[in-house]
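If you're wondering where the values come from, they're calculated on a predicted model, not measured in any experiment.
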Amino acid sequence: NVLGQVEILGSSGVALAWGLHYYLKNYCNVHISWEGNQIELPPTLPDVRVKVTSNDRFRYYQNVCTLGYTSAWWQWDHWERNIDWMALNGINLALAFNGQEAIWQRVYLQLNFTSDEINEHFGGPAFLPWSRMGNIRGFGGPLTPTWHEKSLRLQHRIIRRMRALGIIPVLPAFAGHVPRAFPRLFPNANVTKSTAWNQFSDKYCCPYLLEPTDPLFQRIGEQFLKTYVEEFGTDHVYNCDTFNENEPYTSELRFLRNVGHSIFQAMINVDPQAIWLMQGWLFVHDATFWTEPRVEAF
């Protein structure tokens, strides 16, 4: 601290932001939160010599459902504040899930789905997490062309900001769920209707799950990820959930192993450095089904 200046050294953008926040919070009585700040500094900046080291290589943030519960309607100013808050709190790995419906729309149109078939598949903005995980379809939709366009624009800003700070954006990948219209275009495809989730009626539940050994699984998984990465670039970490609160139709270990294998194969075919980051909620939610051998096989 020389003439009112504080020097912070760090190993990354996030480390520097975290160091700044550590100093402000612990020595200057400053409070920075999602919704409000108290950033009045003391008349004289405290002279401190301290080294802070993280215990962890990765500090992960968000749940896939956050995009429905919390940030469905966030505009850029809210995202910018939240991303800065992430860096100030040492978070360096976070979900960046916006814009995926716009990319899926591109893919589905290339595969000759009609606009109506696509619209009845996507949930509305507040229900996208459960639409993405194959729990529901069409509920609260359809999504408008303006929504798709703005979601792409927003995602570019989110990812640019994350990367500038040194936060690794976790991108979406293909979990295996496809629209109900799939057999019209691919009559020989091996698909299974998902089970009803939370008593949703047939109009809004149960998209198809594409059999992992069907060659179409790789084709569609690769086409989606390739299109997404062409649009946004990649930092090689991806997330998707196939069985979120949806029990697999069979407990056969070979099937469970094939699902896990096919999801990851589609990732590494597009990005050989791919890392699959998986949320563990399915195992906790249905511990009766997910015995240790089944978890291991998957």
S.K.: Taking the ring centre of each residue, are Phe298 and Trp290 less than 6.0 Å apart?
M.R.: yes

S.K.: I'd like to know if the side chain of Gln62 reaches the main chain of Ala94, judged simply by a donor and an acceptor atom lying under 3.5 Å from each other, with no hydrogens or angles considered.
M.R.: no

S.K.: Check for me, please, whether Phe264 and Val64 land in the same ILVMFWY cluster - side-chain distances under 4.5 Å, paths through other members count.
M.R.: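 No.
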
S.K.: Check Trp197, Trp130, Phe127 against Phe139 for a ring-ring contact (aromatic ring centres under 6.0 Å, His included) and give me the one that passes.
M.R.: Phe127

S.K.: Does the separation of the ring centres of Trp147 and Phe122 fall below 6.0 angstrom?
M.R.: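 No - the distance between ring centres of Trp147 and Phe122 does not fall below the 6.0 Å cut-off.
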
S.K.: Would you kindly confirm whether Phe224 and Val178 end up in one hydrophobic cluster when ILVMFWY residues are joined by side chain heavy atoms under 4.5 Å apart?
M.R.: yes

S.K.: Check for me, please, whether Ile168 and Ile159 land in the same ILVMFWY cluster - side-chain distances under 4.5 Å, paths through other members count.
M.R.: no

S.K.: Do Met86 and Leu165 share a hydrophobic cluster, counting only Ile, Leu, Val, Met, Phe, Trp and Tyr and linking them when any side-chain heavy atoms are less than 4.5 Å apart?
M.R.: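 Yes, one cluster joins them.
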
S.K.: What do the steps show when you test Arg161 against Asp84 for salt bridge (Lys or Arg N to Asp or Glu O under 4.0 Å), and what is the final call?
M.R.: CA-CA 9 Å; Arg161 182 65 155 209; Asp84 289 352; 2.8 Å; yes

S.K.: May I ask you to decide if Gly123's main-chain N or O and Ser131's side chain share a donor-acceptor pair within less than 3.5 Å?
M.R.: yes

S.K.: Just by distance, do the side chain of Arg59 and the backbone of Gly90 share a donor-acceptor pair under 3.5 Å?
M.R.: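 Flag set: sc Arg59 to bb Gly90 pair under 3.5 Å.
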
S.K.: Classify the ring geometry of Trp34 against Trp85: parallel below 30°, tilted from 30° to 60°, perpendicular beyond 60°.
M.R.: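 Aromatic pair Trp34/Trp85 classed perpendicular.
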
S.K.: Taking C-beta and beyond as the side chain, do Gln155 and Tyr228 meet within less than 4.5 Å on heavy atoms?
M.R.: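 Side-chain contact under 4.5 Å: yes.
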
S.K.: Can you tell me if Gln38 has over 12 outside heavy atoms packed within less than 6.0 Å of its CD?
M.R.: yes

S.K.: Does the side chain of Pro172 reach to within under 4.5 Å of the side chain of Asn239, using non-hydrogen atoms?
M.R.: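 Answer no - side chains too far apart.
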
S.K.: Show, in sequence, the C-alpha distance, side-chain angles and deciding distance for Asn188 and Asp214, and conclude whether the side-chain contact (heavy atoms from CB on, under 4.5 Å) test is met.
M.R.: CA-CA 10 Å; Asn188 299 322; Asp214 192 310; over 6 Å; no

S.K.: Okay, side chain of Asn82, backbone of Ser71: is any donor-acceptor separation there less than 3.5 Å?
M.R.: no

S.K.: Please determine whether residues Leu277 and Ile91 belong to a single hydrophobic cluster, defined as Ile, Leu, Val, Met, Phe, Trp and Tyr linked transitively by side-chain heavy-atom distances below 4.5 Å.
M.R.: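 Same cluster.
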
S.K.: Any chance you could measure Met278, atom CE, to Ile263, atom CD1, to the nearest 0.5 Å?
M.R.: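 One gets 8.0 Å once the value is rounded to the nearest 0.5 Å.
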
S.K.: Could you tell me whether the side chain of Glu245 reaches within less than 4.5 Å of the side chain of Leu282, counting heavy atoms only?
M.R.: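 A side-chain contact is absent here, since even the closest heavy-atom pair is not under 4.5 Å.
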
S.K.: Is it true that a side-chain atom of Glu7 and a backbone atom of Gln5 form a donor plus acceptor pair closer than 3.5 Å?
M.R.: no

S.K.: Using modelled atom types only, decide if a donor and an acceptor are shared between the side chain of His177 and the backbone of Met133 within a distance under 3.5 Å.
M.R.: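 Here the side-chain-to-backbone pair exists.
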
S.K.: Working to the nearest 0.5 angstrom, can you tell me the gap between Leu209 CG and Asn190 CG?
M.R.: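 Reported value, rounded in 0.5 Å steps: 9.5 Å.
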
S.K.: What distance separates Leu16 CG from His21 NE2, expressed to the nearest 0.5 Å?
M.R.: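 Atom-to-atom, Leu16:CG and His21:NE2 are 15.0 Å apart.
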
S.K.: Between Asp56 and Phe58, is the side-chain contact (heavy atoms from CB on, under 4.5 Å) condition met? List the steps.
M.R.: CA-CA 5 Å; Asp56 313 293; Phe58 296 109; 5.9 Å; no

S.K.: How long is the gap from CD on Glu101 to CZ on Arg132, to the nearest 0.5 Å?
M.R.: 4.0 Å

S.K.: Do the charged groups of Arg184 and Glu117 touch, with an N to O distance under 4.0 Å?
M.R.: yes

S.K.: A side-chain contact here means heavy atoms from C-beta on lying under 4.5 Å apart; do Pro169 and Ile158 qualify?
M.R.: no

S.K.: Within the structure provided, determine whether Ile220 and Phe174 are in side-chain contact (heavy-atom separation under 4.5 Å).
M.R.: yes

S.K.: Between Lys226 and Asp271, does at least one N-O distance fall below 4.0 Å, as a salt bridge requires?
M.R.: no

S.K.: Is Arg180 salt-bridged to Asp202, cutoff N-O under 4.0 Å?
M.R.: yes

S.K.: Would you give me the side-chain donor-acceptor pairs under 3.5 Å for residues 103-110, sequence neighbours excluded?
M.R.:
from	atom 1	to	atom 2	distance (Å)
Arg106	NH1	Glu231	OE1	2.9
Arg106	NH2	Glu231	OE1	3.1
Gln110	OE1	Gln223	NE2	2.8

S.K.: Could you go step by step and tell me if Asn135 and Asn244 meet the side chain to side chain donor-acceptor pair (under 3.5 Å) rule?
M.R.: CA-CA 8 Å; Asn135 301 120; Asn244 173 67; 3.0 Å; yes

S.K.: As an exercise, state the distance from CD1 of Ile8 to OH of Tyr22, rounded to the nearest 0.5 Å.
M.R.: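 The CD1 atom of Ile8 sits 12.5 Å away from the OH atom of Tyr22.
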
S.K.: Please step through side-chain contact (heavy atoms from CB on, under 4.5 Å) for the pair Trp79 and Asn98, ending with a clear verdict.
M.R.: CA-CA 11 Å; Trp79 270 108; Asn98 283 288; 3.5 Å; yes

S.K.: Are Tyr208 and Phe182 close enough that their ring centers fall under 6.0 Å?
M.R.: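 Centroid separation for Tyr208 and Phe182: 6.0 Å or greater.
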
S.K.: Within the side chain of Gln218, is there an N or O that forms a donor-acceptor pair under 3.5 Å with the backbone of Ser262?
M.R.: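 Yes, because the side chain of Gln218 sits within donor-acceptor range (under 3.5 Å) of the backbone of Ser262.
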
S.K.: Examine distances only and state if a side-chain atom of Thr234 and a backbone atom of Val229 form a donor-acceptor pair shorter than 3.5 Å.
M.R.: no

S.K.: For Trp276 and Cys240, what are the C-alpha separation, side-chain angles and deciding distance, and is it a side-chain contact (heavy atoms from CB on, under 4.5 Å)?
M.R.: CA-CA 8 Å; Trp276 180 9; Cys240 64; 4.1 Å; yes

S.K.: Is there a side-chain contact between Tyr60 and Leu95 in this structure, where contact means two heavy atoms from C-beta onward sitting under 4.5 Å apart?
M.R.: yes

S.K.: Would you say the side-chain atoms of Ser194 pair up with the backbone N or O of Pro207, donor to acceptor, closer than 3.5 Å?
M.R.: yes

S.K.: Do Arg294's NZ or CZ and the ring of Phe289 fall within the cation-pi criteria of under 6.0 Å and 45°?
M.R.: yes

S.K.: For Glu120 and Tyr204, test the side chains for any donor-to-acceptor distance below 3.5 angstrom and give the result as yes or no.
M.R.: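 Side chains of Glu120 and Tyr204: no pair found under 3.5 Å.
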
S.K.: Do any N or O atoms from the side chain of Gln100 and from the backbone of Leu171 form a donor-acceptor pair under 3.5 angstrom?
M.R.: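 Checked: no pair found.
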
S.K.: Does the side chain of Thr195 reach to within under 4.5 Å of the side chain of Tyr249, using non-hydrogen atoms?
M.R.: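 No. Closest side-chain heavy atoms not under 4.5 Å.
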
